[in-house]
Number of protein chains: 2
Amino acid sequence: MADQHELRDKGLRLTPQRELVLAAVRELGHATPEEVAEKVRQTHPGINLSTVYRNLETLENVGLVQHTHLGHGGATYHAAEELTHLHLVCGVCGSVGDAPIEVAANFVNSLADDYGFKTDVTHFAVYGTCSTCFKPESK
Amino acid sequence: MADQHELRDKGLRLTPQRELVLAAVRELGHATPEEVAEKVRQTHPGINLSTVYRNLETLENVGLVQHTHLGHGGATYHAAEELTHLHLVCGVCGSVGDAPIEVAANFVNSLADDYGFKTDVTHFAVYGTCSTCFKPESK
DNA sequence: GCCTAATTGCGAGTTACTCGCAGGTGTCAC
DNA sequence: GTGACACCTGCGAGTAACTCGCAATTAGGC
């Protein structure tokens, strides 16, 4: 773990709470702040929700985690090194699927060429209907 | 306006408040529930925020308006007939640009072919950095 | 070990909605 | 035009998800 390095470089400290928040994000894959808090409480019951929110923000500034909007409204956090796929959110069943970012390569390039817009495909989910829900349920 | 038709078909009524909410959405283009409420209050000051929220939801069920996630968390509403473009949200300056849905056609097709996922590109914004913010500001 | 600034926990405050209820009012039937 | 009913509205209370200020604590450099 060279996480300390990332933090210290910015004059930040590596506290037990911060380590636990980062570990929780890494372990959970996708997680809302509340889920992270719950996970952290398993090993450090006294941790405050504010602390979780603040650490998530701090870790994001440092670049160790990133947030994504999967729907509803709240943000979902990921470890930065996991962000190699985009999210397919099904509006019917609510499931979240993954797809490699390469699928969007052409799309990203068109946007860059035609609009000068540099897209971060992983930040927002891709909304639609998954194969399971789209197939006419017989009837 | 055949809006009445859409509503009555589902046993719903066309009240003045409902009409105003729909008119406000059409006039504003993109609007948050609060912006809609403010707009409606210009001609009908007594309208309640709950009423705006409920009507937005009702109109969405009927298919006259749709909501999109442009960022932050809250939803933004559009008249259904206006949803012919996708939104390019700049993470730096916060501006919202438009691009025709055709740009995403290939992307949507790949997702459909490879994952059976039927994408609704307009539901979530496309996040990134706009041309203005991306160009190194001289300096 | 000491000192300073970054952090934490806590409680209060804010924002954006959501809900239940009682009275009001479009619509349809006649 | 009149009546009746179910849909709507306004209102106030309630909730979820954060955010903030502050005093006490503690990581890290020396």
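Note on naming: letters A, B, ... go to the chains in the order of the sequence lines (proteins, then strands), and numbering restarts at 1 for each one.
A perpendicular orientation is assigned to the rings of B/His69 and B/His123, their planes being inclined by more than 60° (bins at 30° and 60°). Taking the six-membered ring where tryptophan is involved, the planes of B/Phe124 and A/Tyr127 are perpendicular, since the angle between them exceeds 60° and thus also 30°. Ring planes of B/Tyr77 and B/His67: tilted class, angle from 30 to 60°.
In this structure, B/His67 does not reach the C/dC17 phosphate: none of its side-chain N or O atoms is under 4.0 Å from OP1 or OP2. The phosphate of D/dT9 has OP1 or OP2 within less than 4.0 Å of a side-chain N or O from B/Thr15. Within the structure, a side-chain polar atom (N or O) of A/Asn55 is placed less than 4.0 Å from OP1 or OP2 of C/dT8. Residue B/Tyr53 places none of its side-chain N or O atoms closer than 4.0 Å to OP1 or OP2 of C/dT18. A sub-4.0 Å separation between OP1 or OP2 of C/dT25 and a side-chain N or O of B/Gln17 is absent. Using a 4.0 Å cut-off, some side-chain N or O of B/Thr51 falls inside it from OP1 or OP2 of D/dG10. Using a 4.0 Å cut-off, no side-chain N or O of A/Arg54 falls inside it from OP1 or OP2 of D/dT19.
If you take CG of A/Leu56 and C1' of C/dT7, they are 15 Å apart, rounded to a whole angstrom. Atom NE2 of B/His69 is separated from atom C1' of C/dC17 by 14 Å (rounded to the nearest Å). Protein atom CD of A/Glu60 is 13 Å distant from nucleotide atom P of D/dC18, rounded to whole Å. Following rounding to the nearest Å, B/Asn48 (CG) and C/dC19 (P) show an atom-to-atom distance of 15 Å. Between A/Arg8 atom CZ and C/dA5 atom P the separation is 18 Å, expressed in whole Å. We find that CG of A/Asn61 is positioned 11 Å from P of C/dT7, with the value rounded to whole Å. We find that CG of A/Leu12 is positioned 12 Å from P of D/dG29, with the value rounded to whole Å. One interatomic measurement links the two molecules: NZ of B/Lys10 to P of D/dC8, which rounds to 12 Å at whole-angstrom precision.
Heavy atoms only, all atoms of each residue included: B/Thr68 and B/Thr122 are closest at CG2-O, 3.1 Å. The two residues B/Glu35 and B/Leu28 have their closest heavy-atom pair at O-CD1, 3.9 Å.
Remark on DNA chain C: of its neighbouring residues A/Leu14 and B/Glu34, the 5'-side contact belongs to A/Leu14, judged by nearest-heavy-atom nucleotide. Each of A/Thr58 and B/Ala75 was matched to the nucleotide of DNA chain C holding its nearest heavy atom; the match closer to the 5' end belongs to A/Thr58.
Counting any heavy atom pair closer than 4.0 Å across all strands shown, A/Leu49 reaches no nucleic acid atom.
Of the candidates D/dT19, D/dG10, C/dC19, the closest approach to any side-chain atom of A/Ser50 belongs to D/dT19.
The base of D/dC7 sits within donor-acceptor range of the side chain of B/Arg13, with an N or O pair under 3.5 Å.
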